[in-house]
Amino acid sequence: MAHRHFFSLLLDTLLWSYTFLATHKIIYNKIIMSIRYPEFSWGQPLICLILGLITSALIYFFLPGLSIGRAIYFKTYARLNRPFFKRPYIYVAFLIFFITLISGLYVSQVSLREFFSHSGLMGAKRIFIALFTPNFGILEESLFAAIETIYMAFIATLFAIPIAFVLSFFAAKNLMMGSPLFKIIYTILRFILNLTRSIEPLIWAIIFSVWVGIGPFSGMLALCIHSIASLSKLYSEQIEAIDQGTMEAITSTGARPVQIVWFGVVPQIILPFVSFTIYRWDINVRMATIIGLVGGGGIGTLLMQYQGLAKWNEVGLLVLIIATIVWAMDTISTKIRQAIK
Amino acid sequence: MLAVKKLNKIYPNGTHALKNVSFDVKKGEFLIIIGLSGSGKSTLLRCINRLIDLTSGSIIFEGVEISKQEGAALRKTRSKIGMVFQNFNLIPRFSVLKNTLTGALTRTGTLASILGNFSKEDEKKARGFLKTVGLNGKERSRADNLSGGEQQRLGMARALMQDPILLLADEPVASLDPATSHTVMDYLKKINKELGVTIICNLHFLSLVREYGTKVLALKDGEIVYQGPPDGIDEKWFKTIYGEEAKEVGIN
Ligand SMILES: Nc1ncnc2c1ncn2[C@@H]1O[C@H](COP(=O)(O)OP(=O)(O)O)[C@@H](O)[C@H]1O
Ligand SMILES: [Mg+2]
């Protein structure tokens, strides 16, 4: 119970500190005072933190109805049966949302004036006309690059499958709680996989382009490593969701561990595995295009080059081809996944 | 053939599921275990073939202490003890024949079994046992296309493939309708009588107990409250086991 009070107070403190900080730095300094580069010191967030703590403490003791932390950690206190707009903390949430909205619009420099300015509209017109009159002169070159991209995605997926397949069994909680050693392997593997997955393929491509040089190989490696991490996760979640009964039955026949997995687990997961894998290939083709933008080879690299030269008609053709590939992959993968369900 | 002595099972969450359970099973017996849901019936069966580890006590099977066995020795013991389950626990997408053959995994090489290379004798045997449980002609159907009763009989065929001397049945008829229940119980009786397999069976219905059991063991909150012949379970015992409010319901 005590930890709930703590977390609810902590959440409120953070929310209020944020509110004070955003109000002061963006709404007051930048918008109202129009200071372009308001001075910053670490004392400011510290003061906001202290103010936030004071505010939430006051709310905690005197106006608990306003506390978002309470609403989240103490369901009963929030009187969830009250109508939505009669809950006081909802208005605090609105206030925070509103401040964030204003700050967000300001920070992303949303400006209708520029959006509808004459030169802006002319630029948009020029680029759209160029995009819609693609230059088919570079069709051959583009198709080759597109094929490179598709193959790159295919090989990346293919290499990732067996590795992810094996890893997924060691990353499945229900199979790994047997002995302390298994638990350690499970924990370490999960950690590595999560870390790998949290790094975007784009970053991996940059790392590998330094490692093995710019080109399709670095793109393939980037996709492969990210696919291994995410397929392992999807696969192992599937393994965790199996019906343990079959495994129990196979175990009771006196089967060996590998046989237990092969007969008690694999038949239940094979279809979802195929489905995930095809889905992953689909994702990889899309990503391969993006990765090309940072030098991962294929059609993305080509797009980057023409874009740099401001050759919009050529870019138009490339965009058309990419759209076609993505659409085709999407359709095919959906069809296959429906067929094997 | 089986002697359970002072068996205790405490789950990691602290549930004391079995308390000092002791009993003997003689060869050829059809022992029925009754008790309310949660009384520890499933736990008891799973301790006998060591699907779960016991906390303390001893289990002597065919003169061998099996409660601490591991690895190959444990697999050898398990292979002599067949088991059928309330939810059948088959491999749904596999054929009836292949499901039966999984009962022979223990004597098939790891690689051979992965490649699906079961021996000719085992295949012949599997067909024989499918006939025993009345599933001949269905060898090639998928297991999930069978009716509930048929799936349970397939579960029995799989267990028989192990050449078991003891068969554990965990509420084998609890997911079946009354008529099918009788058919399935009749097959169990046949396995007991004709193949000489000793049977320990968890049941819910008292009427089935009197009809099929040669001995009854009643559990309540993890303790044995009755041990003896089926006719010994009268109104008074029934109330002790199932509580004062209980009424005997028949199954016909
Ligand atoms: N895996 C488990 N972890 C913790 N407690 C369990 C587990 N399995 C069963 N129990 C508990 O042990 C007791 C006996 O359960 P069980 O053997 O399944 O009874 P029965 O088969 O007679 O219904 C119950 O109180 C149940 O909640
Ligand atoms: Mg049970």
Side-chain angles (χ1 to χ4, degrees), chain A residues 161-162 165-166 168-170 172-184 186-187 235 238-278 336-341, chain B residues 12 42 45-46 48-53 69-94 98-116 142-144 154-155 158-164 167-168 170:
Chain A
I161 295 170
F165 183 81
V166 173
S168 65
F169 289 94
F170 294 97
K173 200 167 190 172
N174 55 342
L175 302 185
M176 296 300 285
M177 286 299 129
S179 76
L181 177 68
F182 275 2
K183 265 186 211 172
I184 293 169
Y186 164 86
T187 314
Y235 287 176
Q238 202 58 44
I239 295 176
E240 283 168 4
I242 61 162
D243 169 20
Q244 299 271 353
T246 314
M247 234 174 98
E248 207 179 25
I250 301 294
T251 310
S252 76
T253 68
R256 288 178 285 278
V258 175
Q259 293 174 321
I260 296 172
V261 170
W262 186 258
F263 288 91
V265 181
V266 173
Q268 295 186 59
I269 55 177
I270 211 78
L271 280 188
F273 272 33
V274 172
S275 176
F276 285 142
T277 310
I278 293 171
I336 299 179
R337 282 186 292 135
Q338 271 166 0
I340 61 173
K341 209 176 251 170
Chain B
S42 303
L45 290 195
R46 280 166 177 71
I48 293 173
N49 67 355
R50 297 282 316 281
L51 283 177
I52 51 183
D53 286 324
Q69 279 184 329
E70 275 177 33
L74 176 59
R75 291 200 289 274
K76 179 102 187 127
T77 302
R78 279 183 182 149
S79 75
K80 291 187 212 158
I81 307 177
M83 186 160 185
V84 295
F85 304 83
Q86 173 177 353
N87 299 318
F88 325 130
N89 294 353
L90 305 167
I91 306 173
R93 298 178 343 96
F94 276 24
K98 211 161 173 207
N99 262 291
T100 315
L101 283 168
T102 57
L105 283 177
T106 182
R107 54 179 180 270
T108 310
T110 303
L111 193 64
S113 61
I114 285 177
L115 297 175
R142 262 173 64 150
D144 52 2
L154 174 53
R158 172 176 64 190
L160 288 177
M161 273 307 276
Q162 298 170 226
D163 292 323
L167 181 68
L168 308 174
D170 190 9

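Letters go in sequence order (proteins before strands), and every chain restarts at 1.
- The shortest distance between side-chain heavy atoms of B:Ile91 and A:Gln268 does not fall below 4.5 Å.
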Item to check | Verdict with supporting geometry, B:Gln162 and A:Thr253, side-chain hydrogen bond (donor to acceptor under 3.5 Å, both in side chains) | outcome: CA-CA 7 Å; B:Gln162 298 170 226; A:Thr253 68; 5.1 Å; no
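- Residues B:Asn49 and A:Ser252 share a closest heavy-atom pair of ND2-CB, 3.6 Å.
- Applying the ring pair (Phe, Tyr, Trp, His ring centres under 6.0 Å) test to A:Phe273 and every residue at least two apart in sequence or in another chain returns A:Phe165, A:Tyr235.
- With contacts defined as side-chain heavy-atom distances shorter than 4.5 Å, the pair B:Ser113/A:Trp262 does not qualify.
- The one candidate from A:Val266, A:Val261, A:Val258 that meets the side-chain contact (heavy atoms from CB on, under 4.5 Å) condition with B:Ile114 is A:Val258.
- Chain B forms the most heavy-atom pairs under 4.5 Å with one residue out of A:Glu248, A:Met247, A:Gln244, and that residue is A:Glu248.
- B:Phe94 CZ: more than 12 foreign heavy atoms inside a 6.0 Å radius.
- Interface remark: B:Arg50 contributes no atoms to any contact with chain A (heavy atom separation under 4.5 Å).
- Of the atoms belonging to B:Leu90, it is backbone heavy atoms, and not side-chain ones, that fall under 4.5 Å from chain A.
- A:Ile260 does not touch chain B: none of its heavy atoms, backbone or side chain, sits under 4.5 Å away.
- Between A:Pro267 and B:Lys98 there is no side-chain heavy-atom pair separated by less than 4.5 Å.
- A distance of 12.5 Å separates CZ of B:Arg78 from CD1 of A:Ile250, quoted to the nearest 0.5 Å.
- Annotation: the span from B:Phe88 atom CZ to A:Thr246 atom OG1 amounts to 12.0 Å, rounded to 0.5 Å.
- With a threshold of 4.5 angstrom between heavy atoms, B:Arg158 approaches chain A through side-chain atoms but not through N, CA, C or O.
- Partners of A:Asp243 by salt bridge (Lys or Arg N to Asp or Glu O under 4.0 Å), not counting sequence neighbours: none found.
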Item to check | Pair A:Gln259-B:Thr102, side chain to side chain contact (heavy atoms under 4.5 Å, CB included): steps then yes or no | outcome: CA-CA 9 Å; A:Gln259 293 174 321; B:Thr102 57; over 6 Å; no
